[in-house]
Number of protein chains: 2
Amino acid sequence: MVKTLRLNRDRVLRAAIELADEIGLEQLSMRRLAQELDVVPMALYKHVANKDELIDGMLDMIVTEIDPPGPGAEWKPAVRQRILSARRAMLRHRWASRAIEMRQAPTPAILAYLNSVIGILRAGGLSANLTHHVMHALGSRVLGFTQELYTPGDAREAPDMTPFPHVLEIAMAAAHENDSIVGGGCDDQFEFEFALDVLLDGFERLKDQNWTSTPIRYG
Amino acid sequence: MVKTLRLNRDRVLRAAIELADEIGLEQLSMRRLAQELDVVPMALYKHVANKDELIDGMLDMIVTEIDPPGPGAEWKPAVRQRILSARRAMLRHRWASRAIEMRQAPTPAILAYLNSVIGILRAGGLSANLTHHVMHALGSRVLGFTQELYTPGDAREAPDMTPFPHVLEIAMAAAHENDSIVGGGCDDQFEFEFALDVLLDGFERLKDQNWTSTPIRYG
DNA sequence: ACCTGAACACCGTTCAAGT
DNA sequence: ACCTGAACACCGTTCAAGT
């Protein structure tokens, strides 16, 4: 590999994303990235302050991939569509959700995305109060991912499940349901949309009954 | 500190939990833990296979702190109570949720806990099919935590929010609501229970209408 | 202005050796 | 059986120096 181009922030971030796509976030190190760019580790520090700031920059690029909101639709399909688009971006870069989990403050691009989702909800008639709780309830799901407790596809050496018959039965229910899917695992996309729709339907119901957490005080 | 006791797995795990409670999971290293136990780093490897297995052991201890299920109640309050008890355990050890996020497979104690929650749902009349989707929809929330996108209390140097007016409005809604809370932050416990109840109510509705994801085929 | 080289203060984990 | 010491192959980041 010939060092043709001068280093710059954009080239560093793109190379970092590509590398993370390949080897995963855990394996991504400043030294490995420098090696990939055919440069000494310290050269990177001219363009990113440190590793945390590198990851922030990578995330900002990924989040910018999320489709812009479509033309005027109802709030529920509009939010649904944006979240499913965010999910597609996260699936293109499997390390991104873990990176977001690691960060403590949202990056500017994430703030812009959240701002737009909140805007859709408010324009759809949800009160500021309800919207606030709705955003908390969505949590990371608003960015298209959730924390799964078990990764069912990866049953390399499944532990003995006989002490946990209920878990086994539930796993069986999934396997039976998805004969079509190789390996009989869960349909993650279905599970994601299932939970999302339970939440969105719940929010709609609360909106329709003018739910609020601030009690109205008389007198 | 005098080395009075022989090392054993239990003592290693307890010291590791105590240390993580103090300095956080990020700062916990095999070397630091060894130092705390007044022992050379390699001595630990006689009692835990490696760092991952150490963290698994720590998690198993925390999860065992979760209250056992109370006597025969309706499935909804019973599940709710277990999840809120799990949440209390997680709040006692703030590093635990991050540790669970890092693991790829559930520990035995987590499996046992999940098994018991699934058992409550099944005994309450939810089908295996619905219960499967319900468990996915709960995700990490079943263990009492969720991935928040912003940590609102920690506004040490808040970025300029004028480009994100909707985010600002929502944050204001929270601040206005919680005059009582110092700093005007969100009431995390309220947010957690809000989302949990939206989900549980949604699940109950699906149960009552005999919802299933497997289409019934005629003929 | 941008890149380099050496060094610092750490990691997790191996191996062979001690008691 | 349990603990030790030295070493290996890594980290992120500093600093002073090069061009």
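Note that these values count all heavy atoms, side chains included, but never hydrogens, waters or copies made by symmetry. This one's a predicted model, so the numbers in the text were calculated from it and none came from an experiment.
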Contact class for A:K46 vs. all strands (heavy atom < 4.0 Å): base, sugar-phosphate, or nothing?
base
Carboxylate-amine/guanidinium proximity below 4.0 Å for A:E36 and A:R31:
no
Selected nucleotide, minimal atom distance to A:S29 side chain, candidates C:dG12, C:dT4, D:dC11:
D:dC11
Please give, in whole Å, the distance from C:dC2 P to A:R9 CZ?
14 Å
Take atom CE of B:M30 and atom P of D:dC11, then tell me their distance rounded to the nearest Å.
20 Å
Assess the pair A:F190 and B:H133: is the distance between their ring centroids shorter than 6.0 Å?
yes
Rounded distance in Å - CD (A:Q35) to P (D:dA9):
15 Å
In whole angstroms, the gap separating P of D:dC3 from CG of B:L7 amounts to 5 Å
D:dC2 phosphate, OP1 or OP2: any side-chain N/O from B:H47 under 4.0 angstrom?
no
Less than 4.0 Å between a side-chain N and a carboxylate O, is that true for A:R80 and A:E193?
yes
Between CD1 of A:I55 and C1' of D:dG12 the distance, given in whole Å, is 12 Å
Taking for each residue the nucleotide of DNA chain C bearing the nearest heavy atom, is the 5' side occupied by B:M42 or by A:R31?
A:R31
To the nearest Å, how far apart are A:R32 CZ and D:dC10 P?
11 Å
Hey, where does DNA chain D pair up into stems, meaning at least three consecutive Watson-Crick or G-U pairs with distances under 3.5 Å?
C:4-8 with D:12-16, C:12-16 with D:4-8
What I want to find out is whether A:R88 reaches A:E65 closely enough, with some N-O distance under 4.0 Å, to be called a salt bridge.
no
After noting the C-alpha distance and the side-chain angles of A:L143 and A:R87, does the key distance pass the side chain to side chain contact (heavy atoms under 4.5 Å, CB included) rule?
CA-CA 6 Å; A:L143 275 164; A:R87 178 172 166 79; over 6 Å; no
Rounded to whole Å, please give me the gap between OH in A:Y45 and P in D:dA16.
17 Å
Find the distance B:Q27:CD to C:dA9:C1' and express it as a whole number of Å.
13 Å
Does this structure show an ion pair linking A:R14 with A:E18, if we count only N-O contacts that are shorter than 4.0 Å?
no
Looking only at C:dC3, C:dA7, D:dT4, the nucleotide nearest the B:A43 side chain is D:dT4
From the list A:R9, A:R103, A:K51, salt bridge (Lys or Arg N to Asp or Glu O under 4.0 Å) partner of A:D56 resolves to A:R103
